[in-house]
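The next block holds one structure in the form of structure tokens; read it before the comments.
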Amino acid sequence: MLDINKIREEFPILGTKVYGKPLVYLDNAATMQKPRVVVEAEREQYYTNNANVHRGVHYLSQQATEMQENARVKVRNFLNAASEQEIIFTRGTTEGINLVATAFGSLLKEGDEIIVSEMEHHSNIVPWQLLQQRQGVVLKVVPFDDNGELDLQKYAEMFTERTRLVSIVHVSNVLGTVNPVKDIVSVAHGHGVPVLIDAAQSVPHFKVDVRDIDCDFLVFSGHKVYAPTGIGVLYGKRELLDKMPPYQGGGEMISTVSFEHTEYETIPYKFEAGTPNYVGANALGIALDFVENIGLDKIHNYELQLANYATEQLSRIDGLRIFGRAAQKDAVVSFLVDGIHHLDMGTLLDRLGIAVRTGHHCAQPIMTHYNVDGMVRASFAVYNTEQEIDFFVAAVKRVIQMF
């Protein structure tokens, strides 16, 4: 049994007043709030252990290096990766996908094919389009039905001898759909094709085991799992990372440099050019500790309880349409109310203290699928409560009465 009041005490921002009303923060799919232990870890490191990593023989540098590499081990354990060498620190999910699109993508030829889905975030569409412009690769798109479930039969039929990569979202940030990534990977591997998983919306909510899924790449963002902004992770199987050229050049990613020839460092450092966000990496490790101390299974069950409760309450409102009715969903509810623009709904909810997300949620192809220009999205975290959902639903009803 979770002590939600005790958990909420770790998040001072939840005590904020918005226009004189208690904040109800339901924008967790965009970014999660940070617990005291994470904020204080950053503060403490800047005050006591701040020095550039890997390059100094002095005490502070060695301490900072040890903290970053301990964080790498924590991420490895969190994902059940085979080695910390398979863990690359990035700025977030977007940079992780761009890294693969650039480095792995450089090995592709004109006419080679990449499979994505119709429900992808823009960060898993645009990097492949840029690769398409540079090298002439072909982008193939798996459709989804109106319930928000991928057409896996069409997916299986898309593979040809030119298919080189599948890049697919684990949990849709709009529909909440939990895609069957283990099956998706199995089909791709049957054709000898590697798979990248966008786990930005799954890693914060339930256990993700890269060896069980058997994915070849996986990316996530720290700020969506109670960690600071500007830090993220790319997991990649060693045999693939070894074959890929560097993503960026500079310090740290080299072994030796001359004007005639440069030798690159081994992984993961080959992909971590320049001074890394070592403070953010340590704070990410602290955030993962925070999550594991609560228990991912407990978090997952509680958040599903919240999402189901919110869905049930919203479904009783006349004229309200919920998007995404997949059999397997996570802690996201997106909706529209007849006759009320999503921006108007979000703006008026804000005046009532309710923080939700409005717009296309960086997933415009989903909006095109449903022939809308945007939606209202409520997304949940472990510090949310059913009482907050009651406030939220009452606020939606109040807004409706204004029209």
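The figures here come from the full heavy-atom set of this structure, side chains too, leaving out hydrogens, waters and symmetry mates.
Defined by atom type and a distance below 3.5 Å, a donor-acceptor pair is present between the side-chain atoms of Asp390 and Tyr309.
Ring planes of Phe11 and Phe290: perpendicular class, angle over 60° (limits at 30 and 60°). The aromatic rings of Tyr370 and Phe144 sit tilted, their planes meeting at an angle between 30° and 60°. The aromatic rings of Tyr383 and Tyr25 sit tilted relative to each other, their planes meeting at an angle between 30° and 60°. Aromatic ring orientation, Phe206 versus His170: perpendicular (interplanar angle above 60°, classes split at 30° and 60°).
Between Arg316 and Glu312 a salt bridge is recorded (basic side-chain N to carboxylate O distance below 4.0 Å). Between Asp214 and Lys237 there is a salt bridge, since at least one side-chain N of the basic residue sits less than 4.0 Å from a carboxylate O of the acidic one. A salt bridge links Lys182 with Asp212; the closest basic N to acidic carboxylate O contact falls under 4.0 Å. The residues Glu40 and Lys34 are annotated as not salt-bridged, no charged nitrogen and carboxylate oxygen being separated by less than 4.0 angstrom. Taking 4.0 Å as the cut-off between side-chain N and carboxylate O, Lys270 and Asp242 do not count as a salt-bridged pair. Note on Asp338 versus Arg321: no salt bridge recorded, every NZ/NE/NH1/NH2 to OD/OE distance being 4.0 Å or above. Taking the charged nitrogens against the carboxylate oxygens, Arg76 and Glu69 have no contact shorter than 4.0 Å, which rules out a salt bridge.
Side-chain atoms of Tyr46 do not come within 3.5 Å of backbone N or O of Ala41 as any donor-acceptor pair. A donor-acceptor pair is defined here as one N or O able to donate and one able to accept, closer than 3.5 Å; such a pair exists between the side chain of Ser117 and the backbone of Met119. Put simply, the side chain of Asn173 gets close to the backbone of His361: a donor and an acceptor are under 3.5 Å apart. Tyr264 contributes no side-chain N or O that, together with a main-chain N or O of Ser255, makes up a donor-acceptor pair within less than 3.5 Å. Using a distance-only test at 3.5 Å, with no hydrogens or angles considered, no donor-acceptor pair links the side chain of Lys140 to the main chain of Val138. A distance-only check finds a donor-acceptor pair linking the side chain of Asp145 to the backbone of Asn147 [under 3.5 Å]. Judged by distance alone, the side chain of Glu120 and the main-chain N or O of Val116 form no donor-acceptor pair under 3.5 Å. For Glu42 (side chain) and Ala283 (main-chain N/O), no donor-acceptor pair under 3.5 Å exists by modelled atom type. A donor-acceptor contact shorter than 3.5 Å is absent between the side chain of Asn77 and the backbone of Lys74. Under the 3.5 Å distance criterion, the side-chain polar atoms of His360 are matched with a main-chain donor or acceptor of Cys362.
Exactly one of Asp209, Leu284, Val203, Ile87 qualifies for a side-chain contact (heavy atoms from CB on, under 4.5 Å) with Phe78. That residue is Val203. Checked options Gln68, Glu272, Gln62, Glu252; the residue passing with Val53 is Gln68 (criterion: side-chain contact (heavy atoms from CB on, under 4.5 Å)).
Counting only heavy atoms from C-beta outward, the side chains of Leu196 and Leu218 never approach each other to under 4.5 Å. Side-chain contact between Lys298 and Val382: absent, with no pair of heavy atoms (C-beta onward) separated by less than 4.5 Å. Proximity of Ile97 to Trp128: side-chain heavy atoms (C-beta onward) are separated by under 4.5 Å at one or more points.
Between the CZ atom of Arg162 and the CG atom of Leu108 there is a distance of 9.5 Å, given to the nearest 0.5 Å. Here Asn124 contributes atom CG and Ile197 contributes atom CD1; the two are 9.5 Å apart, rounded to the nearest 0.5 Å.
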Verdict with reasoning, His205 to Phe380, per ring pair (Phe, Tyr, Trp, His ring centres under 6.0 Å) = CA-CA 10 Å; His205 301 289; Phe380 310 102; 9.6 Å; no
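Annotation: cation-pi pair Arg351/Tyr19 present, NZ/CZ under 6.0 Å from the ring centroid and within 45° of its normal.
Separation of the Tyr269 and His54 ring centroids falls under the 6.0 Å cut-off.
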